[in-house]
Participant: 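Quick one: the structure is below, questions incoming.
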Amino acid sequence: MSPKCAKCLGGTNVKDKDSVLRCSRCDIVVHVKCISTSDSLLDALKNCSGLKWFSDSCVKLPFNLDSLSKSVDASRQDILDKIDSNKNEMITRLEKLDEVNTQVRSEIVSLKMLITSNENKLVDIDRTDTSIRHDIKSLKQEMSTTFASIVSKEVKKNTEIINNEVRTVQKVLTEVNEMKNRESNLMVFRLVESDNDRTDVMKILQHLVEDISEKDVLRTTRLADKFAGVGLCDDLTKEQRQEYKTFVEKAKSMQSDDKENFFYTVSEDQLEDGR
Ligand SMILES: [Zn+2]
Ligand SMILES: [Zn+2]
């Protein structure tokens, strides 16, 4: 069955190559008389195997390919744009993720620092505890030392008081002993110096006391030379002399104040009684 002419849709005889042309691409056939072409072109087509005839629609095909290519290019660009857009969004998201990550890392670092700080505080508390224990120990030692020191000072103070009292008693004893030693002594004042002091003294004593003998006077000693006059007095201790001097001063004072011609003097009784 022969195909119909694409132009007039009439029947064709494909074996008659002078009256019919076949499209080398889509195989449609047309009557030569139905298309506008020249005899020379028809001759060329008939004689040259390298020449091919294409229907109008197939001739336009390269343009379609071009538009298809353009469309593909556009689509590709669109896809690339979308990828690019997605890429940007992904990058943005990745950046955000990175930001969050950095923040999380920073928070972790803060937490670590906080933990370290707390650990340090614990160490500090431990140190303070140790320090307080040490202080308490020192205080205990100091208190015991202070107590011992106070006791020692008190003992020393009491010892000093006792020592002072002993010294006072010793002084009184020495004073009493001295008084006792001097009790039998007799002082002779202003006795003119000679080779026979003892004879002179005996003469004075015999003049004063009737029954005195040589054996009553154990010995005579000259304390100082060339006195202006001679006088007698009890042998007094330094304290007794001081006391006597005070009484004499008092008597002199009373004498000078007296208006009734009384005579004031110091008797031995006064001295002994301390009046
Ligand atoms: Zn036709
Ligand atoms: Zn064709």
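Read the numbers this way: they start at 1 and go in the same order the structure lists the ligands and their atoms.
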Participant: Check this for me, if you would: do Asp129 and Arg133 make a salt bridge, where the nitrogen-to-carboxylate-oxygen distance has to be below 4.0 angstrom?
Facilitator: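 A salt bridge links Asp129 with Arg133.
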Participant: Any donor and acceptor pair, going by atom type alone, linking the side chain of Arg182 with main-chain N or O of Asn177 inside 3.5 Å?
Facilitator: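 The answer is no, because no donor-acceptor pair under 3.5 Å joins these two groups.
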Participant: Is Ser24 close enough to the Zn ion (ligand 2) that one of its N, O or S atoms comes in under 2.8 Å?
Facilitator: no
Participant: Can you tell me if Thr12 uses its side chain to pair, donor with acceptor, with the backbone of Pro3 under 3.5 Å?
Facilitator: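 Checked: pair present.
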Participant: Looking at His31, which of its N, O or S atoms is the nearest one to the Zn ion (ligand 1)?
Facilitator: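 Of all N, O or S atoms belonging to His31, ND1 is the one nearest the Zn ion (ligand 1).
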Participant: Please check this pair: side chain of His207 against backbone of Met202, looking for a donor-acceptor N/O pair closer than 3.5 Å.
Facilitator: no
Participant: Rounded to the nearest 10 degrees, what's the angle OG of Ser55 makes with SG of Cys23 at the Zn ion (ligand 2)? Could you check?
Facilitator: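 The two atoms subtend 120° at the Zn ion (ligand 2).
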Participant: What do you get for the angle at the Zn ion (ligand 1) between SG on Cys8 and SG on Cys5, to the nearest 10 degrees?
Facilitator: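 My answer is 100°, to the nearest 10°.
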